[in-house]
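Inspection log for the structure reproduced underneath, given as structure tokens.
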Amino acid sequence: MNIFVKILVIVLGVALVPTTAVITAAAKQSSADGPNRVFSGGPLTSGELYSGAEPDWRFLSGVPTLELQLLDPPESRRIWVAEVRGKMYVWSGYMNSFFGKIWKTWPGQAVADGRALVRIDGIRYERQLKRIQTGDVLDEIAAAISAKYPSQATRAVIDSGDLWVFEVAPRNADISSAASAELVGDQS
Amino acid sequence: MSAFFKWIALAVVVTGLSVWFIPGVADAVEGVFQLVVLVISS
């Protein structure tokens with residue numbers, strides 16, 4: 001066997017061990033109650049389910065991340081969150097990049113079916129994700145994101161489609177998946 | 001090379017089982033992976 005082929009085989013063989021560790025850790029987390037810092041998790045099952053009046057979301061300014069789970073598919077991930085005018089917003093960047101299109105699947109899933117569950121400080125809230133594509137509030141959201149996180153979020157980035165912004169609105173039981181999809185682009 | 005493949009196969013199996021069953025190992029793997037991603041992306 002050629003010496004270079006031997007070296008390549010040895011390198012790939014050795015690399016297989018840490019790769020296995022990462023894949024196994026990700027697979028294990030996928031069935032857990034919620035995500036960890038890196039890997040997505042399974043359905044959010046623990047924690048009190050909030051019921052009552054719409055919370056005062058201003059406390060989110062002190063919350064670094066939340067756990068977000070879509071109902072379909074029932075997978076959860078840990079993401080950044082911002083509050084503007086008393087409403088909760090989440091977002092996904094790198095949507096125009098090659099890796100973003102492969103890696104970021106939840107935004108498209110949220111547009112198809114926005115029903116979601118978020119868990120903040122151990123309390124679960126039933127919500128509806130609605131993509132925001134127009135309106136002056138996007139300027140405020142971009143400013144809030146940049147002020148809270150080391151992010152280069154701007155209105156131009158949002159308008160380019162590289163950053164998808166969602167309002168984490170109250171769940172309306174009457175809103176069907178199709179109806180929620182129709183809301184895309186109609187928010188201000 | 002045959003012995004090498006056997007050792008790698010054994011290491012892969014042991015690694016997978018360790019990460020899945022031994023408490024804390026998956027968290028350690030996640031931490032290291034996060035560090036690697038941060039270094040690569042910075």
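Just so we're on the same page: letters track the sequence lines, and every chain starts at 1. Given the structure is predicted, the values throughout are model-derived calculations rather than measurements.
Under the 4.5 Å side-chain heavy-atom criterion for Ile, Leu, Val, Met, Phe, Trp and Tyr, A:Leu117 and A:Trp91 are members of distinct hydrophobic clusters. Residue B:Phe21 is not grouped with residue B:Leu10 when hydrophobic side chains (ILVMFWY) are merged at heavy-atom distances under 4.5 angstrom, including chains of intermediate members. Cluster membership for A:Leu44 and A:Val118, using ILVMFWY side-chain heavy atoms within less than 4.5 angstrom, is not shared. No continuous path of hydrophobic side-chain contacts links A:Trp106 to A:Phe39 [ILVMFWY only; heavy atoms under 4.5 Å].
Atom-to-atom distance recorded for A:Lys6:NZ and B:Phe4:CZ is 11.5 Å, nearest 0.5 angstrom. Here the OG1 atom belonging to A:Thr20 is positioned 11.0 Å from the CG atom belonging to B:Leu17, to the nearest 0.5 angstrom.
Here the closest heavy-atom approach between residue A:Thr24 and residue B:Gly16 is recorded as CG2-O, 3.4 Å. Closest heavy-atom contact between B:Ala11 and A:Val17: CB-CG2, 3.8 Å.
Within residues 46-83 of chain A, no residue has any heavy atom under 4.5 Å from a heavy atom of chain B.
Residue pairs meeting the salt bridge (Lys or Arg N to Asp or Glu O under 4.0 Å) criterion with at least one partner in residues 94-109 of chain A, sequence neighbours excluded, do not occur; the list is empty.
Other residues, nucleotides and ligands contribute over 12 non-hydrogen atoms within 6.0 Å of the OH atom of A:Tyr149.
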Could you pull out every donor-acceptor pair under 3.5 Å between side chains of residues 26-36 of chain B and any protein atom, sequence neighbours left out?
{"residue": "B:Glu30", "atom": "OE1", "partner": "A:Arg37", "partner atom": "NH2", "Å": "3.2"}
{"residue": "B:Glu30", "atom": "OE2", "partner": "A:Arg37", "partner atom": "N", "Å": "2.8"}
{"residue": "B:Glu30", "atom": "OE2", "partner": "A:Arg37", "partner atom": "NE", "Å": "3.2"}
{"residue": "B:Glu30", "atom": "OE2", "partner": "A:Val38", "partner atom": "N", "Å": "3.2"}

Side chains of residues 7-16 of chain A: which donor-acceptor partners sit under 3.5 Å, not counting sequence neighbours?
none

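A:Ala26 does not touch chain B: none of its heavy atoms, backbone or side chain, sits under 4.5 Å away.
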